[in-house]
Number of protein chains: 2
Amino acid sequence: MATPKTAPRDRYHHGDLRNALTEAACELARVGGPAAVVLREVARRVGVSATAAYRYFAAADDLVDEVKHVALARLAESIERAVNAVPLEGDPGDVAVARLRASGEGYLDFAFSEPGLFQTAFSHEEIEHAPNEGKDFAESAAFQIFSGLLDEVLATGRMKPEARPGAEIAGWSMVHGFAVLSIDGPLGRHLPEEMKGFVRQRAIDILIRGLTVPGD
Amino acid sequence: MATPKTAPRDRYHHGDLRNALTEAACELARVGGPAAVVLREVARRVGVSATAAYRYFAAADDLVDEVKHVALARLAESIERAVNAVPLEGDPGDVAVARLRASGEGYLDFAFSEPGLFQTAFSHEEIEHAPNEGKDFAESAAFQIFSGLLDEVLATGRMKPEARPGAEIAGWSMVHGFAVLSIDGPLGRHLPEEMKGFVRQRAIDILIRGLTVPGD
DNA sequence: CCCCAGAAGTTGACGCCGTCAACATCGAGG
DNA sequence: CCTCGATGTTGACGGCGTCAACTTCTGGGG
């Protein structure tokens, strides 16, 4: 066992295939969306036979699931980054509202900068695939952050208590709907590029207006 | 040519294949979503060879497009039905707002009662498929109705003029996002059935609150 | 030291898919 | 009646996901 571990083993066997596959799958998804994640192509890119993937994934869908989790994590990072960029000085209510707004911006930043991954994050091939582990999203980091921000807003009095229930879902719906309609829906194709930014701000404005009460 | 047209011609040739194919494709989409629209299966159901479809559709995607247009039309019908069910008596502002709200309800009624068709209506296989005919959606009946309803609300003074631009897109985003998240997203799987209705009302409430000003 | 069990990857096959080129068939108009 | 164009069929190709059977590599115990 003198010098064996350093050589990069050109013809696979012992490089960490699983990670390599996941990475290749992510790249495919990034460029072409969920439909582009094709098991045989992933294997080809990694330089391995198609069936090799079955050592690590029970089926092709599981590979897509892996990408989905990666994408969801990146989405959460994007939101967190945007929220943390908001300066904390000034009226606490204003800060809370600004942070809430920023979370929406972070969501859309990710959706527009990585549309393929975003689409993959929300793809479910079949209408049903088990009562489910319950793990994949509502429990996800992104949702938790968003929920916490709404609590902040509530705590500063900038939201009426009766408006709090269901607020995360309404907010999520607005921002997600806008992303979806923009990325592969009609907005993306029919809206002049210069209006996109305007409309995006308006959507978030209307959401914030619906959720909060004016300051002072 | 005495009695030829009445006989139903069992072995295709001259029955209107195109319609039969479209209809079968719609049924597939209805039950299984866009992924279930498989050319060979459609042909099989109609009792015809797979390649027969190529007389009427240049490619399998064109068949899906056909379903998409049907689905979009049904969506518009559902919205129109809900809007027209609103009684016109009382304060015009209230009526306009009620009609606006009803359009959202009609949208969601369709999405939840025909999830497969709804998903198909908003599916686009590839990220790009031409600068596009521009026809498919923003010009669609549904969008026009929605836009008109917003104008009504504006005219009754229940919406501030500066809130009007971008309003249809914000509204569409909210309702569409809610539908998508509910049908094949996390809301559908993680939300107790009894809360669905509540959350749905809240989402629409928040939207209306964001778009309008209170009456009186 | 060697050797062998099991992990890691390959081969070849199957049935499904979309699509194409070549062929068969029907029915209306000269 | 006979031909010609529209309509549908056959058979093939390559790509896909998946499976069973095979090979090759590697580390740890005799």
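FYI, side chains are in, hydrogens and waters are out, and symmetry mates aren't considered; it's all heavy atoms of this structure. On a predicted model such as this, the values are computed, not experimentally measured, just so you know.
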When the distance from [atom1] of [X] to [atom2] of [N] is rounded to whole Å, what number comes out?
| X | N | atom1 | atom2 | result |
| --- | --- | --- | --- | --- |
| Arg55(A) | dA7(C) | CZ | C1' | 7 Å |
| Asp65(B) | dG18(C) | CG | P | 15 Å |
| Asp61(A) | dG17(D) | CG | C1' | 10 Å |
| Glu41(A) | dT18(D) | CD | P | 16 Å |
| Asp16(A) | dT26(D) | CG | C1' | 17 Å |
| Leu17(A) | dC25(D) | CG | P | 15 Å |
| Arg45(A) | dC16(D) | CZ | P | 12 Å |
| Leu39(B) | dT19(C) | CG | P | 7 Å |

Quiz prompt | Residues in ring-ring contact (aromatic ring centres under 6.0 Å, His included) contact with Phe110(B), at least two apart in sequence or another chain | solution = none
Self-check item: Exam field: side chain Arg101(B) to backbone Ile208(B), donor-acceptor pair closer than 3.5 Å
Solution: no
Practice problem: Ignoring backbone atoms, establish whether Tyr54(A) has a side-chain N or O less than 4.0 Å from OP1 or OP2 of dC19(D). | Solution: no
For [X], what residues pass the salt bridge (Lys or Arg N to Asp or Glu O under 4.0 Å) criterion, not counting sequence neighbours?
| X | answer |
| --- | --- |
| Arg164(A) | Asp151(A), Glu168(A) |
| Glu193(A) | Lys196(A) |
| Asp62(B) | none |

Using nucleotides 11-16 of chain C, report all nitrogen or oxygen pairs with the protein that are shorter than 3.5 Å.
from    : atom 1 : to       : atom 2 : distance (Å)
dT11(C) : O4     : Thr51(A) : OG1    : 2.9

Exercise. State which of dA8(C), dG18(C), dT18(D) makes the closest approach to the side chain of Tyr56(A).
Key: dA8(C)
Practice problem: Sorted by first residue and then second, give each side-chain hydrogen bond (donor to acceptor under 3.5 Å, both in side chains) pair with at least one member in residues 74-87 of chain B; sequence neighbours left out. | Solution: none
